[in-house]
Amino acid sequence: MTDWDNANGPKINRRGKVYIIGAGSGATDLLTVRASRILAESDVVFCDALVNPEVTSLATRAKVISVGKRCGHASTAQRFINRSLVGAASRYEKVVRLKGGDPMIFGRAQEEIDALKAANIPFEVIPGITAALAASADLGVSLTKRGVSRSVVFVTPRMGDNEPINNWVPPESMKATLVIYMAAKQSVLIRKALLNAGYKSATPAVFVENASLSNRHVFPTTIARIDEAAMQLGHGPAILLIGEVCTSIAYQLDAALFDQGSLTSLAY
Ligand code: SAH
């Protein structure tokens, strides 16, 4: 089935378990204790592109196989990954599927879980810190706030290849905090869609690039100017937060975070 599956050597007929692990948004020490333990005990790790190599290096006795998918980069088909996980479970005791952030948020975990269930293979999901929460922590901005925002929406305008075009802006989201994943290359589309949906152009927004890492950057802006902010981004993963909870960011950057030297600010 795969090079790796056809590897020579004795086939071991024991049935393993697959651990779908969230590696978190970057910083290794934000990994859960459970994730670190399973990684250290694992026999084989199938790893995504966004996972920090420091996290993968905790799997000291495992064979590490990169199955990374990032837009614009070589991708490994999802079906191939599903088959590889199933194949690995008949060969190894502890199989890890390591994904960036939390596996259950924009991580295609469900397809892998369904494949494992269909093959009757035991699995466990170990959560990780999703980018929205890493960004919120970096900013010192709560995604919910009394009297301002009672809900948070995680959304992406990106669609799968054969998905029908639909309106991705959640209805009634204007009072919520909107967290937009995979937003960096879609800022024009996002601006237009939000303005069409009735958002005010002065609504505060902020891009956080490389959340939780020492090279993180913060770009406060407004909906009207998110294209300009997007152009300032580097090549790291970036997430876009929108809503009134972001109002305080410019102030906070000046007052405290900017001093740390790792944050960049754009004028509102
Ligand atoms: N499962 C992941 C999301 C995968 S989709 C999670 O829970 O975080 C990939 C998108 O996540 C990126 O395009 C970006 O929008 C966001 N992302 C992942 N890591 C990030 C980071 N360190 N900083 C900012 N955004 C990040």
Side-chain angles (χ1 to χ4, degrees), residues 19-32 35 46-56 66-76 78 81 96-113 125-141 143 152-161 163 168 177-190 193 205-221 226 229-242 246 249 257 262-264:
Y19 296 83
I20 302 178
I21 297 184
S25 292
T28 315
D29 54 356
L30 283 180
L31 201 65
T32 63
F46 292 89
C47 177
D48 267 359
L50 278 179
V51 174
N52 183 343
E54 271 182 39
V55 174
T56 327
S66 175
V67 289
K69 287 182 287 177
R70 273 208 76 183
C71 29
H73 290 72
S75 80
T76 310
Q78 185 65 47
I81 298 174
V96 166
R97 174 69 174 110
L98 193 57
K99 291 170 177 284
D102 185 272
M104 309 302 243
I105 301 287
F106 302 125
R108 301 191 71 170
Q110 198 61 56
E111 289 154 76
E112 293 168 20
I113 289 169
V125 180
I126 302 181
I129 295 194
T130 191
L133 304 185
S136 152
D138 280 354
L139 294 168
V141 164
L143 299 180
V152 184
V153 179
F154 293 173
V155 66
T156 182
R158 266 197 73 191
M159 291 184 301
D161 290 341
E163 256 180 89
W168 57 269
T177 304
L178 208 54
V179 184
I180 309 186
Y181 286 72
M182 294 169 264
K185 297 201 169 76
Q186 316 247 7
S187 60
V188 176
L189 179 148
I190 291 169
V206 59
F207 271 111
V208 181
E209 181 178 13
N210 294 321
S212 84
L213 290 163
S214 57
N215 61 343
R216 69 177 173 247
H217 280 93
V218 175
F219 303 93
T221 183
I226 53 175
M231 280 191 296
Q232 309 287 318
L233 295 168
H235 297 294
I239 193 154
L240 178 61
L241 277 61
I242 291 185
C246 301
I249 290 169
L257 297 175
S262 60
L263 304 172
T264 318

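Fair warning: this is a prediction, and the values are worked out from it, not measured in the lab. Indexing begins at 1, ligand by ligand and atom by atom, following the structure's order. Just the heavy atoms: all of them, side chains too, but no hydrogens, waters or symmetry mates, feed the values below.
Backbone and side-chain nitrogen or oxygen atoms of Pro103 are examined, and none is located within less than 3.5 angstrom of a nitrogen or oxygen of ligand 1. Taking any N or O of Phe106, backbone or side chain, none lies under 3.5 Å from an N or O belonging to ligand 1. Annotation: Glu209 places no N or O atom under 3.5 Å from an N or O atom of ligand 1; distance criterion only. Residue Gly101 has no N or O atom closer than 3.5 Å to an N or O atom of ligand 1. At under 3.5 Å, not a single nitrogen or oxygen of Ala183, backbone or side chain, sits near a nitrogen or oxygen of ligand 1.
When heavy-atom distances to ligand 1 are checked against a 4.0 Å cut-off, Val208 comes that close only through its backbone atoms N, CA, C and O. Contacts of Thr156 with ligand 1, taken as heavy-atom pairs under 4.0 Å, are absent altogether.
Surrounding CE of Met182 are more than 12 heavy atoms belonging to other residues, nucleotides or ligands, all under 6.0 Å away.
No donor-acceptor distance shorter than 3.5 angstrom exists from the side chain of Glu112 to the backbone of Ile81, with no hydrogens or angles considered. Without hydrogens or angle criteria, Asp102 side chain to Ile129 main chain gives no donor-acceptor distance under 3.5 Å. Side-chain atoms of Ser136 come within 3.5 Å of backbone atoms of Val141 as a donor-acceptor pair (strictly under, hydrogens ignored).
Residue contact check: Tyr181 has heavy atoms under 4.0 Å from atoms 3 (C), 6 (C), 8 (O), 11 (O), 15 (O), 16 (C) of ligand 1. Atoms of ligand 1 found under 4.0 Å from any heavy atom of Ile105, numbered from 1 in the order shown, are 1 (N), 2 (C), 3 (C), 7 (O).
The shell of residues lying under 4.0 angstrom from ligand 1, judged by heavy atoms, excludes Ala134. Ligand 1 lies within reach of Gly100, whose nearest heavy atom is under 4.0 Å from it.
Tyr181 pairs by the ring pair (Phe, Tyr, Trp, His ring centres under 6.0 Å) definition with Phe106, Phe154, not counting sequence neighbours. By the salt bridge (Lys or Arg N to Asp or Glu O under 4.0 Å) test, Glu54 is found to be paired with no residue, residues two or more places apart in sequence or in another chain being considered.
Looking at Ala131, Ser25, Ala184, it is Ser25 that brings a heavy atom closest to atom 22 (N) of ligand 1.
When Thr32, Val55, Leu98, Val51 are each tested for a side chain to side chain contact (heavy atoms under 4.5 Å, CB included) with Ile21, only one passes: Leu98. Looking at Val152, Leu178, Val153 one by one, the single match for side chain to side chain contact (heavy atoms under 4.5 Å, CB included) with Leu143 turns out to be Val152.
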